[in-house]
Amino acid sequence: MSADADGTAARLRLRLAAQGLEWPAEIEHTAVSPSTNDRLKQRARAGAAEWTVVLADAQTAGRGRQGRRWSSPPGNLYMSVLLRPAPPSARWTVLPLVAGLALAEALAAEGLEARLKWPNDVMVGGRKVGGILAEASSGADGLESVVLGIGVNVAVRPHDLPPEVAASVTCVEEELARAVDRLAIASAVLARLTVWYHALAREGPPVVQSAWRARAVPWWGRAVEAQSGGHRVRGIARDLDEGGALILELEDGTRAVLHSGEVREVRPARD
Ligand code: BTN
């Protein structure tokens with residue numbers, strides 16, 4: 001199918017308009033893309049405007065964090081958004097968290113009890129329903145662009161995903177026991193993203209930090225294990241710092257500040 005032959009981009013634009021948002025840039029839709037992030041990075045290099053959106057019905061080379069593959073059959077949401085944050089760049093390190101927050105809020109608006117697991121997995125009942133792949137490009141003058149890739153399991157049932165992920169994921173339609181329009185989720189994510197992006201520009205990272213904390217899985221004060229930078233660290237989850245790093249308190253009382261990685265809760269062994 002050629003680009004937006006079925007009017008998906010136009011429908012998304014109408015949904016945004018119905019929420020009072022005249023979308024300020026192009027929305028590109030294709031039936032199949034290797035990866036919407038790769039496509040949008042290519043568009044960014046060619047000068048695409050801030051807030052350009054790329055949407056696909058399926059991806060053939062979808063990518064997740066930490067070099068993982070993101071299985072992308074038709075039925076789920078695959079969307080990337082281009083930002084061109086103004087200096088200073090330091091405040092923008094929380095952008096991946098902003099995207100997670102926007103997604104969790106969009107799903108909550110559909111009626112899901114969505115929670116954030118650091119750094120930006122969106123969870124429902126302990127299973128993953130969506131994730132964010134944020135990719136920044138810098139030049140001689142600092143940060144040039146950030147592509148926020150958003151993947152949401154909307155309609156594809158976990159047993160139709162690869163066996164290595166099936167047990168740890170869920171999908172929106174199964175959780176809500178009803179059909180859900182991907183574009184309703186897409187437009188809600190974009191609307192919340194604009195709100196948080198402007199709040200971050202105006203008020204700085206603390207505004208994101210506190211909203212993120214309030215939507216996090218309830219593990220503050222609990223034992224967690226993190227895989228970060230090739231190391232395994234165990235500690236008590238204490239806080240999120242202003243840059244979006246996770247702070248753990250280690251057994252010897254010192255603190256570990258994690259900037260990337262994967263974290264899981266460790267339940268104490270029973271006697
Ligand atoms: C994660 O590992 O949790 C992040 C998954 C991000 C997947 C999305 S789908 C749209 C965009 N294009 C990609 O190739 N990846 C992101």
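In each ligand, atom 1 is the first atom listed, and ligand 1 is the first ligand listed.
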Thr36 N/O under 3.5 Å from ligand 1 N/O: yes
Between Asp252 and Thr254: side-chain donor-acceptor atoms closer than 3.5 Å: yes
Using every non-hydrogen atom in the two residues, find where Ala226 and Leu248 come nearest and quote the distance to one decimal. CB-CD1, 4.3 Å
Show me which atoms of ligand 1 lie under 4.0 Å from any heavy atom of Asp121. 3 (O)
Among all the protein's non-hydrogen atoms, which is closest to atom 2 (O) of ligand 1, and how far away is it? Arg65 N, 2.7 Å
Quick check on contacts: which atoms of ligand 1 are under 4.0 angstrom from a heavy atom of Ser80? 11 (C)
If you measure every N or O of Arg63 against every N or O of ligand 1, does any of those distances drop under 3.5 Å? yes
Determine, using heavy atoms of Gln66 and all atoms of ligand 1, whether some pair is separated by less than 4.0 Å. no
Looking at Arg68, I want to see if its CZ is surrounded by more than 12 non-hydrogen atoms of other residues, nucleotides or ligands under 6.0 Å. yes
Charged N to carboxylate O below 4.0 Å: is that the case for Arg264 and Glu262? no
Minimal non-hydrogen separation, Ala61 against Ser35, with atom names: O-CB, 3.6 Å
Which one of Asp38, Asn37, Thr36 satisfies the side-chain hydrogen bond (donor to acceptor under 3.5 Å, both in side chains) criterion with Arg63? Asp38
Given that the side chain starts at C-beta and the backbone is N, CA, C, O, which of these parts of Ile150 lies under 4.0 Å from ligand 1, counting heavy atoms, or is it both or neither? backbone
Please state which option from Glu262, Lys128, Glu135 has its nearest heavy atom closest to atom 3 (O) of ligand 1. Lys128
Taking N or O atoms only and a 3.5 Å limit, does Trp70 qualify as a polar contact for ligand 1? no
List the steps and the verdict of side-chain contact (heavy atoms from CB on, under 4.5 Å) for Arg215 and Leu101. CA-CA 8 Å; Arg215 270 219 176 265; Leu101 184 55; 4.2 Å; yes
Within a distance under 4.0 Å of any heavy atom of Met79, pick out the atoms of ligand 1 and give their elements. 10 (C)
Check ligand 1 against Gly62 and write out every atom of the ligand that is under 4.0 Å from a heavy-atom position of the residue. 14 (O)
Please say whether more than 12 non-hydrogen atoms of neighbouring residues, nucleotides or ligands are located less than 6.0 Å from CD in Glu251. no
Name the closest protein heavy atom to atom 12 (N) of ligand 1, giving the residue it belongs to and the distance to 0.1 Å. Gln59 OE1, 2.9 Å
